[in-house]
Amino acid sequence: KIERQEPFVRSLRSAIWSRNREILGKAIEEFEETEGENLVNQGQWPCADLSDMYTSAKQCLEELGKLSFIESGSLMMTSVDVGQLQDAIREAEERKLSLDLVKPLQDRLIALQRQHKLIEDMRSLVYSQGGSKDQAQDLLDVCINEGLDVPSRWILEEGPRMFEQVKAYVQEIEIDSARRSDKDIEIRRQLRDVMRSTDAQTIKDVLVRATIYKVRSELTDALEKRVEALELQAMHLKNLRKCLQEDDALVLCEAVASVRKAGLDNPSSWEIPEGAKLLSKVIARKLHVERLEQIEGSIRRACKVYDVPMLEQCFREAEQLGMQTEHVAQAKQLFLSLHDGDHLSKLITDLREELMRAGVEDMRITQAIKNLVDQQRHLGFAGDSAALRDVSMVMARSRARSRGKSCTDAEDPEQAEVARLIFEDLRNLKCLRDPLTWDDESIDIDFESRARAMVEFQPDKITNSLTMLTARQEMIAVQNFQDILRSMGDKPCAFTGNKEEPILRRLGLSRRICDESYVQVLKQLTSNPSYESRTRGWQLLKRMVTTVLPSADVYEFVHAFVQRETEPEKRREASEKSEKKDFRRIAAMAAKRHQEEQEPEREQEGHIGIAAVARAAAKMQREPSRRSSHDTCEESMVRPANTEMSARRSRSLRSRRSARRKSLAAALEAREREDEKVEKRKSHTDRQMLMAREILDILTQE
């Protein structure tokens, strides 16, 4: 051990004498590594001087460390590097040096960090030009409170220069604020002036100046919204101006829809005064163009089906609207040609041949033939009933083959209306007899009159069938009509049994007899003046449809006839009111004529009216010179006559009052009778409507 420790004693002694901190530290480190655990048992070391030498070496090393930190600390006190100061303080804390040595470095580090923060704030304030005067003044106050208004107290060289720049910035703000006060007043006045302006660019210019001079007002937000509204309205206004010359209804509709979507359909929503007026003009233009397109479309449809009344109405409206197009000119040529009877006959013949070749229902051909026949009748020609009969036959049989609803119940309203007009007129039945061959001497030779009489009520028997039948079937048809007259009460009969049974049995004889029976019943229900007869006729028709239905041709006519009777009472009440009004007018005229006829008789009996007084005055005026010298005597003789005339007047007045009371009583009685008739008529009408609905339900189910 002595041999091992003696070299360490010599190395420690030489390191202490060298006064070199590195050599001393290395010697101590080698000794501690060699001894290891024996360092704690220094009293057992064989070399007596080794323990003292080790302690002296440690003390010398500590003294040398303090001297090196003091030397480095004196250098750090002039440093402006925050990192170096932080490292030096950390090293001192690790060496556990005294606070007197570390405190100056800590103070310098804090001061250095504070000045860095101040310089950064001043640099941001000055260079960004975004700080206010209050911010700059607060920053200067902080520097003055810390004594940094004196340049020598700054650690960083940039500090005094930045302090002076901040002071200059405050002075600049003060000068600028003094200059801006006048601008602020002017800009605020401009903001108020443009609040009602409709020039978006002027408002934008004022807002830009307000932004430059940092003028904030409650009006700026409102003006910004106004600019957006004006720009939007200007865009719509430009589009509306273009639409004033537009002829396309779709473009006009899109323009109006965009304006309404923007909430500008209300005139008060427009900021531009011209906008509401222009919008109303465009809407009027849209309606005008739409109406022109509707008229043009109606003309096209009318030309396809030769609808002369529709063409005439469209021409009248087109003339009012100033519509002049090539299509209208062509339609006018067609309109003129449809007033030629030969041309109408040729068109009907061609359409009839086309319909028969097709063999199926064609809506265009059907409506065209119907319109052409109506035009023939309107011009005074005999309507081509054969063409309408062909149309009814094709429509009925096409519907029967398709097993669909009745023609009058079609989904297309226009098609249903045409079918209703055709099948409500029994003269259009295909199997109907030619009116000129129908033997009835009481009817005029006129074709239309005979055709109308064939399908309307008659109280007498018929001598021919209504439809085309064989000779034997005609005899059955004539007898069947007599049974119908008895059944409906139009012909007296002593038979008390079921009068409808023979008619119902004949429905099963043949299809032609069945159709003839239905046609006869429809004939007797048409224009029948008797309520009782109509009621019994509807009862008979109800039993017939529950027994045997007619053929497809006659079925459509029965369905249309029954369906017409199920309509509401409004049209019937209107017709009753018009009839009642006509009745009252005729009655008043008759009463006036009767009064005029009775006037001379009443005057002879002593009744003096206004007309008699006027005639007497006129007569006296025409004879003024007939008064003679005997006037005084005549006047004395007139007094008794006047007394007698007064008595006669009083008697006449009493008689007129009595007659008036009687006439009032008679009028009340007549009114009561009229009310009873109206109630009876209404009761029968309601009952017939109910039966018609029941029959229609049966037909629909079948």
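Remember, it's a predicted structure, so these values are computed and weren't measured experimentally.
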Side chain of [X], backbone of [Y]: donor and acceptor closer than 3.5 Å?
| X | Y | result |
| --- | --- | --- |
| Ser197 | Val194 | no |
| Ser298 | Gln294 | yes |
| Gln367 | Gln415 | no |
| Arg209 | Ile187 | no |
| Arg226 | Glu271 | no |

Going by heavy atoms in the side chains, are [X] and [Y] under 4.5 Å from each other?
| X | Y | result |
| --- | --- | --- |
| Cys314 | Leu311 | no |
| Trp154 | Met162 | no |
| Tyr306 | Leu351 | yes |
| Val256 | Leu240 | no |
| Gln233 | Glu228 | no |
| Phe335 | Ile299 | no |
| Met363 | Val305 | no |
| Pro160 | Val150 | no |

Could you tell me whether Lys286 and Asp248 make a salt bridge, using a distance below 4.0 angstrom between a side-chain N and a carboxylate O? no

Pair Lys370 + Glu417, salt bridge at N-O below 4.0 Å: no

For [X], all residues meeting salt bridge (charged side-chain N to carboxylate O under 4.0 Å, His left out), sequence neighbours excluded:
| X | answer |
| --- | --- |
| Glu274 | Arg241 |
| Lys204 | Glu231 |
| Asp205 | none |
| Arg114 | Glu146 |

Using 0.5 Å steps for rounding, measure from the CG atom of Leu219 to the CZ atom of Arg192. 7.5 Å

Between CG of Leu191 and CZ of Arg189, what distance do you get to the nearest 0.5 Å?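 Spacing of CG (Leu191) from CZ (Arg189) equals 10.0 Å.
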
To check you understand the geometry: which heavy-atom pair defines the closest contact between Cys143 and Leu118, and what is its length?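 In this case the closest contact between Cys143 and Leu118 is SG-CD1, 4.2 Å.
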
Which atoms form the tightest heavy-atom contact between Val259 and Trp270, and what is the distance?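 Result for this residue pair: CG1-CZ2, 4.0 Å.
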
Per the salt bridge (charged side-chain N to carboxylate O under 4.0 Å, His left out) rule, what does the pair list look like for residues 310-325, sequence neighbours excluded? Arg291-Glu317, Glu312-Arg316

Once side chain to side chain donor-acceptor pair (under 3.5 Å) is applied, do any residues pair with Lys117, and if so which ones, sequence neighbours excluded?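 Per chain and number, Lys117 pairs via side chain to side chain donor-acceptor pair (under 3.5 Å) with Asp121.
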
